[in-house]
There are 2 protein chains.
Amino acid sequence: MNFSRQRESIINILKLNYEHPTAYRIYELVKEIEPTISKSTVYRNLEQLVELGKVRKISTGGNFEHYDIVRDSHSHAICKCCGNIFDVNLDVEKIANFIKNQTEMSGCNEIIVMGICKDCEKEN
Amino acid sequence: MNFSRQRESIINILKLNYEHPTAYRIYELVKEIEPTISKSTVYRNLEQLVELGKVRKISTGGNFEHYDIVRDSHSHAICKCCGNIFDVNLDVEKIANFIKNQTEMSGCNEIIVMGICKDCEKEN
DNA sequence: CATAAATTCGTAATCATTCCTATTTTTAAT
DNA sequence: ATTAAAAATAGGAATGATTACGAATTTATG
C-alpha cells in the first residue's frame with residue numbers, strides 16, 4: 001500500500017471523530033481539508049482500511065454503514081429506535097470462548113448489542 | 001392489522017426456513033406458493049412484522065438484510081468472511097444489565113457476534 | 001350489501017455504494 | 001534526477017437492493 005495524502009486525511013478525520021460517522025459524513029468532513037477528494041476515494045479507502053483491520057464497519061440495520069477507527073478494543077450498542085451508536089466494554093474473550101464451543105464459529109472479535117436507548121425509551 | 005393470504009404465506013415460509021433468508025430469497029420461496037405476489041408486498045410485510053416484533057432483521061454488513069422469525073430467544077454469530085449466520089445462545093439478560101449500567105442504553109434484546117467461522121479459518 | 005380501511009400488484013423512483021477509465025502520484029531501480 | 005511500473009485518484013456512470021406510489025382488490029364491520 002502506497003502513501004496517499006487523501007488516505008491520511010481520511011484517517012485523521014476518523015481519529016478526531018468519535019461519532020461513528022457514515023461514509024458520506026466522512027466524505028463531507030474530509031472535503032473541508034481536501035476539497036477535490038471524490039466519494040469513490042473515500043469509499044475505496046474505507047474498504048481497504050476495514051480490510052487491513054484499521055477501521056471497523058458498523059452495520060446498524062439502517063440505510064448507511066458507519067465507520068470507527070480502531071483505537072482500544074470496545075464493542076458497540078445500537079439503539080434500534082434512533083440508530084445511535086454507543087461504545088461498550090464487554091468481555092469479548094469470554095464470549096469468544098463460549099461461541100467457539102457452541103457453534104461453527106472459530107472465534108469472534110466484535111460484539112454488537114441491539115436495544116433501546118434511554119432517550120427513546122422516555123419518549124415512548 | 002387485517003388478515004392477508006400473502007402475509008400468512010410469508011410467515012409460513014419463515015417458520016419453515018432456518019437459514020436466515022434474505023428478503024429476495026423469501027420472495028422467491030413465497031412465489032412458489034403465491035405466484036402473483038410482488039416484491040413490494042414481501043418487503044412491506046417483512047417491515048411490518050419486524051415492527052411488531054414477530055420477525056427479526058439481521059444486518060450482516062453485506063449487501064442484503066436477512067430475516068428470521070422469532071421463535072425462542074437466541075442470538076446470532078456472523079462470519080465476516082463468508083457472511084454465514086449461526087445461532088448462538090448467550091445470556092442476554094446479563095449483558096443487558098451490564099450495558100444498562102455502562103451506557104445510555106436502557107437495555108438490549110439482541111446480540112450479534114462478528115467473527116470468522118471454522119470453514120473460513122481453515123481456508124485461510 | 002355498503003362503506004371505509006387495509007392490502008396488494010406492478011412499476012417507477014431513490015440513493016448508497018460500486019464500477020470504470022483516463023489521468024496523476026508514488027515508489028524503487030537505474 | 002530519470003524513468004518505468006504499480007498504486008491511487010477524480011468524476012461520472014452504472015448497479016441494485018429497497019422504497020414509494022397509485023389504481024385496483026380484499027377485508028372488516030355494521
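Values reported hereafter were calculated over all heavy atoms of this structure, with side chains retained and with hydrogens, waters and symmetry mates removed.
- Using a 4.5 Å cut-off on side-chain heavy atoms (C-beta onward), Ser59(B) and Ile78(B) make no contact.
- At a threshold of 4.5 Å between side-chain heavy atoms, the hydrophobic network of Ile, Leu, Val, Met, Phe, Trp and Tyr places Phe86(A) and Ile111(A) in one connected group.
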Revision key, fill the gap. In B/S/- notation (B base, S sugar-phosphate only, - none; protein heavy atoms under 4.0 Å), nucleotides 11-21 of chain C written 5' to 3' is B----SSBB--

Between protein and nucleotides 25-27 of chain C, what N or O pairs are separated by less than 3.5 Å?
unit_1	atom_1	unit_2	atom_2	d
dT27(C)	OP1	Phe3(A)	N	3.2

Point to revise | Chi angles and distances behind the salt bridge (Lys or Arg N to Asp or Glu O under 4.0 Å) call for Arg44(A), Glu47(A) | key: CA-CA 5 Å; Arg44(A) 181 170 17 78; Glu47(A) 192 185 328; over 6 Å; no

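- Taking atom CD of Glu8(A) as the reference point, atom C1' of dA7(D) lies 15 Å away to the nearest angstrom.
- Asn45(B) has its CG atom 9 Å from the C1' atom of dT8(C), to the nearest Å.
- A side-chain contact (heavy atoms from CB on, under 4.5 Å) with Arg7(B) is found for exactly one of Thr41(B), Leu46(B), Val30(B), Asn45(B), namely Asn45(B).
- For the pair Lys54(B)/Val70(B), no side-chain contact is recorded, criterion being any heavy-atom separation below 4.5 Å from C-beta on.
- Atom CD in Glu51(A) sits roughly 17 Å away from atom C1' in dA7(D) (whole-Å rounding).
- Look at CG on Leu46(B): it is 15 Å from P on dA17(D), rounded to the nearest Å.
- Within the 4.5 Å cutoff, no side-chain heavy atoms of His20(A) are placed close to those of Thr60(A).
- Cys108(A) places a side-chain heavy atom less than 4.5 Å from the side chain of Val92(A).
- An OP1 or OP2 oxygen of dA10(D) is reached within less than 4.0 angstrom by a side-chain nitrogen or oxygen of Gln6(A).
- The distance between atom CD1 of Ile37(B) and atom P of dT25(D), rounded to the nearest whole Å, is 18 Å.
- Every pair passing salt bridge (charged side-chain N to carboxylate O under 4.0 Å, His left out) that includes a residue from residues 71-89 of chain B is listed here, sequence neighbours excluded: Glu110(A)-Lys80(B).
- In this structure, Glu34(B) places its CD atom 15 Å from P of dT7(C), rounding to the nearest Å.
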